[in-house]
Every structure is written in structure tokens, then in C-alpha cells.
Protein chains: 2
Amino acid sequence: MDLLNKKCIFGAIKMYFMFSLSEENYLKAIFHLQNSYKNGVSTNALAEEMQTKASSVTDMIKRLSEKSLVNYKKYQGVKLSEAGRAAAIEVIRKHRLWEVFLVEKLNFNWDEVHEVAEQLEHIKSEKLTAELDRFLGFPQRDPHGDPIPDSEGNFSVPNRVLLSELKMDETGICVGVKDSSTEFLQYLDKNNISLGATVKVKQKEDFDQSMLIEMNDNELMISNQISANLYIKTT
Amino acid sequence: MDLLNKKCIFGAIKMYFMFSLSEENYLKAIFHLQNSYKNGVSTNALAEEMQTKASSVTDMIKRLSEKSLVNYKKYQGVKLSEAGRAAAIEVIRKHRLWEVFLVEKLNFNWDEVHEVAEQLEHIKSEKLTAELDRFLGFPQRDPHGDPIPDSEGNFSVPNRVLLSELKMDETGICVGVKDSSTEFLQYLDKNNISLGATVKVKQKEDFDQSMLIEMNDNELMISNQISANLYIKTT
DNA sequence: TCCATTTTTTAGTCTTGTCTAAATATATTT
DNA sequence: AAATATATTTAGACAAGACTAAAAAATGGA
């Protein structure tokens with residue numbers, strides 16, 4: 001119906017193709033899963049991530065492969081091509097910029113932004129993305145501490161460790177969350193844990209890895225499930 | 001895939017159903033065409049507006065009718081139901097709010113906003129719309145001078161006439177455009193015609209309705225095609 | 001190596017929204 | 001009122017993206 005801006009990133013030559021909403025979501029999911037599945041994302045893993053059936057995944061992978069967005073050999077799992085990676089990063093860039101917008105300008109809490117950003121990330125307009133970025137002051141991190149790729153797709157992999165890896169008496173600054181589910185974020189809010197705050201490990205229990213932390217003159221006991229989802233920059 | 005907020009406006013009881021992108025576009029088109037087709041929008045008119053075929057329109061009308069969004073009898077054209085009208089107005093509200101955002105905050109010119117707003121108008125989030133409205137200061141008009149419905153769907157029908165209806169020596173303030181195509185808006189920019197400016201009809205040619213107008217100490221000859229697409233508030 | 005289990009793919013179906021071609025209603029002209 | 005023209009609807013097909021059920025490939029244990 002609408003044609004919109006049809007271009008495509010391909011090697012050095014810039015051209016954007018237009019991808020469907022579903023294609024973009026698959027690319028994004030593969031991008032995220034590639035961290036855990038270095039030598040090919042499995043069909044089942046992707047089905048799990050996309051909340052769909054393995055057979056549907058196989059269908060889509062074939063389409064993406066046709067378009068050279070992924071490298072795929074039957075039964076071998078799937079990897080993003082350069083073009084696929086670029087497209088995924090572009091979607092992630094938009095997602096995170098919109099999250100910043102929602103939190104900084106529209107009074108959203110960090111646990112409310114995900115759903116809406118999932119929709120906004122598919123809006124196609126280079127100018128929109130560029131101007132939004134400028135409007136927000138070229139932010140480097142989204143509200144959950146994840147890096148925002150620049151217009152070239154470059155982003156710094158943050159230098160951070162999980163709180164669960166800290167030893168007794170070590171300190172650091174809370175810089176991100178691994179799990180950004182509403183439930184986890186609301187737990188953090190309730191317990192006054194926020195990005196930017198300084199943490200100190202006061203005690204650590206060998207048995208279950210639970211720890212007593214200090215944050216803003218406050219002491220708090222947290223389980224491993226919490227500490228293994230908080231990113232820390234050691235000081 | 002995503003469920004999102006499923007509610008629906010229905011009479012006094014508020015409930016939002018979720019409509020597809022295509023359904024929303026049809027509802028919007030019917031809403032706009034109802035001005036010219038008071039006793040039912042014809043299939044062909046709708047096909048023209050939607051840039052599609054009459055047979056596709058018939059199919060969609062049936063679906064909308066199933067959902068009680070339109071009143072439809074075969075061969076009789078189509079009218080929005082109360083629910084359909086509410087849904088259309090909600091989409092139009094979002095479209096116009098986003099246009100304001102793009103122009104006021106993101107440096108878009110008024111001739112660049114349409115395509116992007118066509119995408120943004122389909123984002124589903126009551127909170128987003130409400131907060132955007134607040135962020136923009138509850139604007140009453142979009143960049144083309146059209147009224148923005150409030151959260152209840154109410155909007156003031158602007159009290160305005162077409163410039164072509166003014167007689168010799170009458171004056172007014174330019175308050176909107178009827179045609180908001182890129183081409184027309186660029187013509188206006190080029191000739192320094194903008195909303196808010198005062199116009200005076202200096203001469204009017206009976207033969208072809210062309211007129212000489214004065215605007216900001218500037219005289220300009222315009223054809224009827226121009227004057228019949230500019231809204232004026234008489235002073 | 002062979003069998004059992006798990007993973008992945010294939011085959012066939014469904015829904016949404018579109019299309020073309022053909023059929024039927026309505027409108028217009030004479 | 002009949003004939004013609006125009007508008008609208010039906011019928012049948014297709015593509016994207018999902019599903020179920022069944023087949024085929026890969027994996028892991030004995």
C-alpha cells in the first residue's frame with residue numbers, strides 16, 4: 001500500500017530494503033540469541049524466543065535466507081549475514097531510542113516502555129530516527145543500561161560484570177539490568193535499586209550465593225536470581 | 001504475537017477492540033469521505049481513496065460490518081457506526097498529534113510529516129497518546145490547521161471559509177490547508193504563504209477566479225486551484 | 001553400531017488482505 | 001420500458017505468516 005523509503009544497507013553501498021514487521025522481529029531475535037549460540041541459532045531456540053512453532057521458524061528462515069539476510073543450511077542453525085546484522089542493529093537502535101524518549105519525555109517508568117517500543121521500533125523513516133536521536137541528545141544508553149547503536153550501527157560493548165560475580169567487600173556502580181521484565185524492574189523499584197547507584201557487597205553466602213548489599217546507606221539481602229541480573233561497573 | 005492493550009470504545013461503556021492496520025485505514029478513509037458522501041460512501045470512492053480495487057473494498061466492508069464498525073447494505077454504500085466513528089477519530093487524533101510532534105520537536109517541515117504520521121497513527125498505547133498530548137501542550141490544531149480531537153474524541157469544527165469564497169477587498173487570516181500534498185505545501189512555502197498570516201483580496205478575476213492577494217506587504221497572483229485549497233478565518 | 005529420543009523439516013491448512021474475471025444490480029439514455 | 005452503461009458483488013486465486021501432523025535427520029546411549 002504505502003511504499004515508503006525503499007533503500008538498503010549492503011556492504012559499502014547504502015541501500016535500505018524494506019523488511020516486514022515479522023522479518024524484523026526474527027532478525028532482532030537472532031541477533032540477541034547469537035550471543036548464546038555462537039555457531040548458529042537453533043530452530044527451537046528461535047521458536048521459543050519468538051513464541052511460535054518450530055515449523056513457522058523454518059518457513060521464515062527460508063524467506064530470510066532467500067533475501068540473504070541470514071546464512072542457513074538445513075539442520076545447521078542460522079546466523080545473520082552482514083546485511084541481516086545491520087538490519088537487526090537498526091531495529092535495536094530505534095527500540096532503544098524510543099525507550100529513552102518514553103522515559104525522559106513522556107513520563108514512562110522503565111518497566112512500562114517495552115511493549116510500546118516494540119511497536120515504535122518498526123517505524124520506517126531515516127529522518128525520524130536521526131532527529132529523534134538529536135532531540136534526545138544522542139544518548140549512549142537506554143533506560144535499562146543497554147548501549148544505543150549510532151547511525152552507522154556502531155555501539156560500545158559496555159565494560160561490566162554481573163553483581164553475582166563480585167566478591168565480598170567489592171564495590172561498583174549499578175549500570176544495567178540483564179532481565180528487563182516488568183516484574184524484575186518493579187522489584188528493583190520497590191527495593192530502591194536504580195541505575196547509577198553505588199553497591200557494596202557486605203556479605204556473600206557460599207551455599208546459595210545470596211548476598212547482603214549496601215546501597216545508599218541502605219542494607220538489603222538479595223538472592224542470586226537478583227544479583228545475576230544486575231550489571232555492575234567495578235570501581 | 002503481541003496482544004497489547006485490548007479494549008474498546010462502545011457507547012458509554014469504554015472498551016477498546018484492537019483493529020488491524022488495514023481496518024484502521026479503512027475507517028479513517030470512510031470518516032473523511034463521509035463529508036462528501038453524506039448518505040453512504042460508495043465502494044468506488046473508497047477504492048479510489050484507498051488506492052485499491054472495488055472488490056477488495058467490498059471484502060473489507062463486510063469484515064467491518066461483521067464487527068459492527070460500519071452500517072452496510074449491499075449496493076447502498078457504507079456509513080460508520082458510532083463505534084467505527086470513535087475508532088476513526090482515535091486514529092486521526094494520533095495522526096495529528098504525531099504531526100505536531102514531528103514539526104515542533106523534530107524539525108520536520110509541514111510537507112514531510114504525512115508518511116511518517118501514517119505509520120505512527122497505528123501505535124497502540126493509551127498512555128503514549130495521552131502523554132504525547134500533554135508533552136505537546138494539548139495542541140488544538142495540527143500543522144495543516146486541522147483540529148485535533150481530545151481524548152474523548154471531541155473537536156471543534158473550525159469556523160473557516162475557503163479563500164476562493166472571499167470577495168474583493170475582504171481580508172482574513174490563513175488558518176489551514178484543504179490539500180496537504182507535498183506539492184501544494186511546497187508551493188505555499190516557495191510563495192511565502194503560511195498559516196497565521198493575514199490575507200487581503202486585492203483583485204478578483206471573474207473569468208477564471210484567479211486573484212491578486214496581499215500577504216505581509218507582498219502581492220501575489222494565485223489561481224483558483226490555490227485559493228480553493230486555503231482556509232481563511234474572516235476578520 | 002543400532003535404537004530411541006529429540007530436533008528439524010515437509011506437507012497441507014487457515015486467515016488476512018489483496019487481485020482478476022465474471023456475474024449481477026443499479027442508473028442512464030433513448 | 002428496453003437497452004446500454006456503470007457500479008458493485010461474487011468466485012476463485014495468491015502471498016505472507018502462522019498452525020498441526022507427519023516424515024526425516026541428527027544425536028546420544030547402550
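Values below: all heavy atoms of this structure, side chains included; hydrogens, waters and symmetry mates excluded.
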Walk me through it: do A:Y26 and A:F31 pass the test ring-ring contact (aromatic ring centres under 6.0 Å, His included)? CA-CA 8 Å; A:Y26 272 93; A:F31 182 87; over 10 Å; no

So do B:V177 and B:N229 actually touch side chain to side chain, heavy atoms under 4.5 Å? no

In B/S/- notation, 5' to 3', how is nucleotides 24-29 of chain D contacted by protein heavy atoms closer than 4.0 Å? -SS---

Whole angstrom is fine here: how far is it from CG in B:L46 over to C1' in C:dG17? 14 Å

Side-chain donor-acceptor pair present, B:D208, B:N224, cut-off under 3.5 Å: no

Are B:T52 and C:dC19 close enough that a side-chain N or O sits under 4.0 Å from OP1 or OP2? yes

Only counting residues at least two apart or in another chain, list the ones meeting salt bridge (charged side-chain N to carboxylate O under 4.0 Å, His left out) with B:E49. none

Using OP1 and OP2 only, check whether a side-chain N or O of B:T58 sits under 4.0 Å from D:dT9. yes

Produce the list of close N/O pairs, under 3.5 Å, pairing protein atoms with atoms of nucleotides 15-17 of chain D; give distances to one decimal.
unit_1	atom_1	unit_2	atom_2	d
D:dG17	OP1	A:S20	OG	2.6
D:dG17	OP2	A:R63	NE	3.1

Look at the side chain of A:S42 and the base of C:dT8, then say whether one donor and one acceptor between them are separated by less than 3.5 Å. no

Let me know which of A:L64, A:V70, A:N71 forms a side-chain contact (heavy atoms from CB on, under 4.5 Å) with A:S81. A:N71

B:N25 CG to C:dT18 C1', straight-line distance once rounded to whole Å: 14 Å

Only one of A:K67, A:K62, A:R63 clears salt bridge (charged side-chain N to carboxylate O under 4.0 Å, His left out) with A:E23; which? A:K67

Carboxylate-amine/guanidinium proximity below 4.0 Å for A:R96 and A:E99: no

Separation of C:dT10 atom P from A:I61 atom CD1, nearest Å, is 11 Å

May I ask you to evaluate whether A:N44 reaches the phosphate of C:dT6, defined as a side-chain N or O under 4.0 Å from OP1 or OP2? no

Given D:dA7, C:dC19, C:dT9, which nucleotide is nearest the side-chain atoms of B:K53? C:dC19

Flag if over 12 foreign heavy atoms under 6.0 Å of NZ, B:K178: no

What heavy-atom pair brings A:L195 and A:P143 nearest, and what distance separates the two atoms? CD1-O, 3.4 Å

Between the side-chain atoms of A:T43 and the base atoms of C:dT9, is any donor-acceptor pair under 3.5 Å? no

Can you check the A:Y37 OH to C:dT8 C1' distance for me, whole Å? 14 Å

